[in-house]
Amino acid sequence: MNRDEPSGPILRAAGLVKTHRPEGGAPVHAVRGVDLRIERGEFVAVTGPSGAGKSTLLHLLGGLDRPDSGSLWIDGRQVDSFSEARWAVLRRNHIGIVFQFFNLVSNLSVADNVELPALLAGRSPRQARTDRAELLEELGLAGKENCTPGELSGGEQQRVALARALVNSPSLLLADEPAGSLDSKGTREVLRLLARFHQRGQTILLVTHDARMASAADRVISFFDGQVVDDAHLGGGRSRPEAGVADVLKLKG
Amino acid sequence: MRLPLLALLVSGPAHGYELKQALENLLGSAYPQPNVGQIYVTLGRLEKTGLIAGEDVEQSDRPNKRIYRITEAGRETVDAWFEESTGEPRVRDEFFMKLALAPHTGTANQITLINKQRRHYLNTMRDLSKLAAGEDRDNRVAHLLIEGAMLHLQADLDWLERCQEELE
């Protein structure tokens, strides 16, 4: 196994390429040679118009889809040649994923949805229960343990999905348009929670077309037509930090 | 500043400092705070044009304060203000000019300009998020102001994407 020093980046990608070849359709060059490096504790947003290939990129980084070429290291391990089974184990222990449409198991209770990945990772039932209770409490879902996902609002379902993604303390959290099907209140809630977990050291890669969400990150990667066109650290190096705000808030009269 | 002060005086007479506080309470910390000097100058002008009337009130331990009340003409001005529709917010005309003229200079690159502008907007968006987080949750007017600013910025960012699509 090829391991970098543990202090290295949490994720490194080199020359990732993915072309979708729909049957009978023209090939779609979704990811066209992406190099990427994400350090531990970073909160990175990938933003761009729909169809830019940013979801495909996230799928490649989470092993949900395979690149045509390129290399990928996660937590020091080179993973691009991993089998499906090894990816499954890697995701269970190291990568949490949140999707736009929650992807909860609809006939399991909220509690079981969150405990299942903990049990699969080898946690004792008692430990899984304790971790689940703690996370649900933290996410404002105490009392909803026995509900099924269908009984919850979209915002609540996404918080359950977040609990499920975080229950094994992953070194990397991937979020694909996590507020894409939520109203503005649900969106704010998801943002607040992502920011809170980030403050505690969670590494997050967020894919979004929403600039309001993207601006919560410390670093914004603009993705266009399958390629990184800009990679900007926010917050630092502004000569007049409040000048922009004052300008957009100024009312006439 | 003129019309907001006038509108505040419709609900009753007040002195300058009270008006400053009323504006701050209404709009929250998000709105650039009006300075008190600016408010007194504006009140003076409003009085001169007969839209408000001032009266000095004696105070035992401090200098007199001037209390203003709205006049009939002032009331009509406020009503007319609410009656007319409001102009659209400005477009980012200076950036647009830069973008349009960049090819003529031979040095400035349009895509570089777009990327730079996007960084600027994203940083502003971030500052607005921080303002929103720090604002009193119950001040709905202040939150609506910030949200409005964010939606405008979102539109500016969408437009930058369009520019990039066309020009790349």
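Chain A is the first sequence line, chain B the second, and so forth, proteins listed ahead of strands; every chain is numbered from 1.
Within the 4.5 angstrom heavy-atom criterion, only backbone atoms of Ala217(A) (N, CA, C, O) approach chain B. When heavy atoms are compared at a cutoff of 4.5 Å, Leu157(B) approaches chain A solely by way of its side chain, counted from C-beta outward. Heavy atoms of Ala232(A) lying under 4.5 Å from chain B belong to its backbone as well as its side chain. Proximity to chain B involves both the backbone and the side chain of Asp218(A), based on heavy atoms less than 4.5 angstrom apart. Using a 4.5 Å cut-off between heavy atoms, Leu151(B) touches chain A through its side chain atoms alone. Contacts between Arg118(B) and chain A at a heavy-atom distance below 4.5 Å involve the side chain alone, from C-beta outward. Interface remark: Asp210(A) contributes backbone and side-chain atoms alike to the contact with chain B (heavy atom separation under 4.5 Å).
Note on Glu165(B), Lys130(B), Gln154(B): by heavy-atom pairs under 4.5 Å with chain A, the leading option is Gln154(B). Per-residue heavy-atom pair counts under 4.5 Å with chain A were compared for Arg162(B), Gln164(B), Met150(B), and the maximum is reached by Gln164(B).
Between the side chains of Thr47(A) and His209(A), no donor-acceptor pair of N or O atoms lies under 3.5 Å.
Ion pairing of Arg119(B) with Asp230(A) is present here, as a side-chain N (NZ or NE/NH1/NH2) and a carboxylate O approach within less than 4.0 Å. The pair Glu189(A)-Lys185(A) does not count as a salt bridge, with every side-chain nitrogen at least 4.0 angstrom from each carboxylate oxygen. A salt bridge is absent between Arg69(B) and Glu55(B); no separation between the charged side-chain nitrogens and carboxylate oxygens falls under 4.0 Å. Remark: Arg37(A) engages Glu39(A) in a salt bridge, criterion side-chain N to carboxylate O under 4.0 Å.
In terms of modelled atom types and a separation under 3.5 Å, the side chain of Arg40(A) and the main chain of Ile10(A) share no donor-acceptor contact. With Arg126(B) contributing its side chain and Ser215(A) its backbone, the two residues share a donor-acceptor pair below 3.5 Å.
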